[in-house]
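Notes for the one structure printed next.
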2 protein chains.
Amino acid sequence: MPDPDDVSPTLHRRLREAILSLDLAPGERLSERGLEPEFRASRTPIRAALMRLASEGLVRRDDRGWRVAPIDLDEIRGLYEFREILETASARLACDRATPEDLEALAELAGSTAADETPEHSIDSGTSFHLELARLSGNAFLISAMEGVLTRLYRTRWVEVQSAESRERAHREHTAIAEALLAADADGAELATLSHLRGTGERLITSLGESRQRLRASGLSLG
Amino acid sequence: MPDPDDVSPTLHRRLREAILSLDLAPGERLSERGLEPEFRASRTPIRAALMRLASEGLVRRDDRGWRVAPIDLDEIRGLYEFREILETASARLACDRATPEDLEALAELAGSTAADETPEHSIDSGTSFHLELARLSGNAFLISAMEGVLTRLYRTRWVEVQSAESRERAHREHTAIAEALLAADADGAELATLSHLRGTGERLITSLGESRQRLRASGLSLG
DNA sequence: GATACCATAGTGGTATACCAATCAGCCCAT
DNA sequence: ATGGGCTGATTGGTATACCACTATGGTATC
């Protein structure tokens, strides 16, 4: 997912991408010195990047040392509950504040999900849709909180877009949200958002639970 | 203002307290080396503390350097809007999840506000009440977001508790929230929370606007 | 053979030296 | 008197050396 700030491949950004791409595995232990050769930097900036990543929830301090944040089912549940709060509120605020042009652009984003055939593009356009919805709320703290949520959820993306059917469903539901907003129907937009999140979240958690079983059986783990 | 983590007077905590107590003025420029003598530490830990404070919104990066986050009226407005979202949701969740004992403890906190005569204690108990309400939601992200909001708002506390009358009003409204929760009245609790925040926020912003006028007239500023 | 102890290597935490960029102030030239 | 250019001080950014602590593994002793 795009880092709103850094445009040049900063160390923070590179580490972040390594984690989000699962190149650094969830739960993996990291040592500051151990990262030096891979990322061609000295401890000080690596340490700074790790601290920043910790504040984004992608990395945690262990007893002594760091580890990539594990993918925790309870945390995902909490994130989706939190996200419901943020995103339904965003929908209401966007309904009040967004201009018709903004909403057209949002509908465009919703529409673009369908055209893409690749799961990767579906992920990105899905993320963009939800982020844009938050932006239309006009509240900087809401936006920032949504960014945090989406970042923390990003590593689970591979399960959401597995089937063409679920990509199609996301497209339908995003479109429904955008259309309710275009119709200035705040209640409808809130409801559409809520049901989209409820369904998506439930399927994600179920799917993750099953994957966890499978992985455990094969000796792997999610952290 | 209590730091949930650090119990020993860490550097981060000391810097944080210096900012929250307005000992370091809003908008004041800070230099890493310049803080060394005052805080008896070298650049590395000071830098780390500044980065952490930046992620809490108490400090910002300037073009070159750091500055204590100014007190910005628009930001306060945004914070209160965000807080409405978080806290009404907290009330609803708490209504579902909190045990009667939890709610009794919350009512106790609400009650303790009145007994205190000093503005200082009124601040602390008020903060505790709102933080406890968030805790009863049982959602870690909601709690953490509320902590962030309260931290960012903390420096404006001196205006909220100026008059005995406003302290009394806070007491009444907190009690009303706690009682609605005890009655398992989710709608009532949400409404009581909303009206408490609306009123408090509005008065705060008005008051800050006037203070800003007065300060500007006297040559000072809030950053 | 089991256990207790010690040496060692690896950890994050801190202090510090060096770097490039920048901003301010002063001096000199016009 | 004024404008231009240079110099020095100060900034954050980085690299690195040193510290205390701990966990571990091997060895020596019982």
Side-chain angles (χ1 to χ4, degrees), chain A residues 2-19 23-70 72 221 223, chain B residues 2-19 23-70 72 144 219 221 223:
Chain A
D3 187 335
D5 307 318
D6 310 326
V7 53
S8 78
T10 322
L11 178 61
H12 165 255
R13 180 179 174 152
R14 285 193 293 146
L15 255 166
R16 178 194 171 96
E17 280 173 2
I19 293 171
D23 193 27
L24 292 175
E28 181 175 347
R29 291 207 57 169
L30 301 176
S31 89
E32 299 173 358
R33 288 180 190 28
L35 293 169
E36 287 188 14
E38 164 96 22
F39 290 88
R40 310 283 191 137
S42 72
R43 275 185 72 202
T44 311
I46 285 181
R47 193 179 167 76
L50 286 172
M51 289 191 291
R52 189 165 162 193
L53 289 168
S55 82
E56 300 174 31
L58 294 182
V59 139
R60 303 214 178 134
R61 313 205 70 109
D62 210 271
D63 296 331
R64 204 173 4 278
W66 307 80
R67 70 173 56 236
V68 179
D72 183 291
S221 135
Chain B
D3 189 334
D5 310 317
D6 311 326
V7 52
S8 78
T10 321
L11 178 60
H12 165 254
R13 180 180 175 150
R14 285 194 291 146
L15 254 166
R16 178 194 172 93
E17 280 172 2
I19 292 172
D23 193 26
L24 292 175
E28 180 175 347
R29 292 206 57 171
L30 302 176
S31 88
E32 298 174 357
R33 290 194 238 278
L35 293 169
E36 288 187 15
E38 164 96 22
F39 290 89
R40 308 282 191 141
S42 72
R43 275 185 72 203
T44 312
I46 285 180
R47 193 178 168 75
L50 287 172
M51 288 190 292
R52 191 166 161 193
L53 290 168
S55 81
E56 299 174 34
L58 295 182
V59 139
R60 303 214 178 135
R61 313 204 71 108
D62 210 87
D63 297 330
R64 197 178 16 276
W66 307 81
R67 70 173 56 235
V68 179
D72 182 292
S144 161
S221 137

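This one's a predicted model, so the numbers in the text were calculated from it and none came from an experiment. Every chain is numbered from 1 and lettered A, B, ... according to where its sequence line falls, protein lines coming before strand lines.
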Rounded to whole Å, how long is the line connecting atom [atom1] of [X] with atom [atom2] of [N]?
X	N	atom1	atom2	result
B:Phe39	C:dT14	CZ	P	15 Å
A:Arg43	D:dA15	CZ	C1'	11 Å
A:Arg64	D:dC19	CZ	C1'	15 Å
B:Leu35	D:dG12	CG	P	9 Å
A:Trp66	C:dG10	CH2	C1'	17 Å
B:Ile46	D:dG13	CD1	C1'	16 Å
B:Asp63	D:dT11	CG	C1'	12 Å
B:Glu36	D:dG12	CD	P	10 Å

Whether the side chain of A:Arg67 engages the backbone of A:Gly27 through a donor-acceptor N/O pair (distance < 3.5 Å, no angle test) should be reported.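 Checked: pair present.
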Notebook entry, point to check: If only atom types and distance count, is the side chain of B:Arg14 paired as donor or acceptor with the main-chain N or O of B:Phe39 below 3.5 Å?
Noted result: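 Yes; judged by distance alone, with no hydrogens or angles, the pair exists.
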Worksheet item: Taking N and O atoms by type only, does the side chain of B:Arg33 place a donor or acceptor under 3.5 Å from a partner on the base of D:dG12?
Response: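 Per atom types, the contact qualifies.
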Item checked: N/O donor-acceptor pair, side chain B:Ser31 with base D:dT10, under 3.5 angstrom ->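 There is none.
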*asked:* What contact category does A:Leu30 fall into here, base, sugar-phosphate, or nothing, at under 4.0 angstrom with non-hydrogen atoms?
replied: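 Here A:Leu30 touches the backbone only, sparing every base.
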*asked:* Using OP1 and OP2 only, check whether a side-chain N or O of B:Thr44 sits under 4.0 Å from C:dT14.
replied: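 The answer is no; no side-chain N or O of B:Thr44 sits under 4.0 Å from OP1 or OP2.
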Just N and O in the side chain of B:Arg61: are any of them under 4.0 Å from OP1 or OP2 of D:dG13?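 For D:dG13, OP1/OP2 do have a side-chain N/O of B:Arg61 under 4.0 Å.
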When you measure from the centre of the six-membered ring of A:Trp66, is the NZ or CZ of A:Arg61 under 6.0 Å away and within 45° of the axis?
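Because its charged atom sits under 6.0 Å from the ring centre and within 45° of the axis, A:Arg61 does stack over A:Trp66.
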Does some side-chain heavy atom of B:Leu58 sit less than 4.5 Å from a side-chain heavy atom of B:Leu15?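 Counting from C-beta outward, B:Leu15 and B:Leu58 never come under 4.5 Å.
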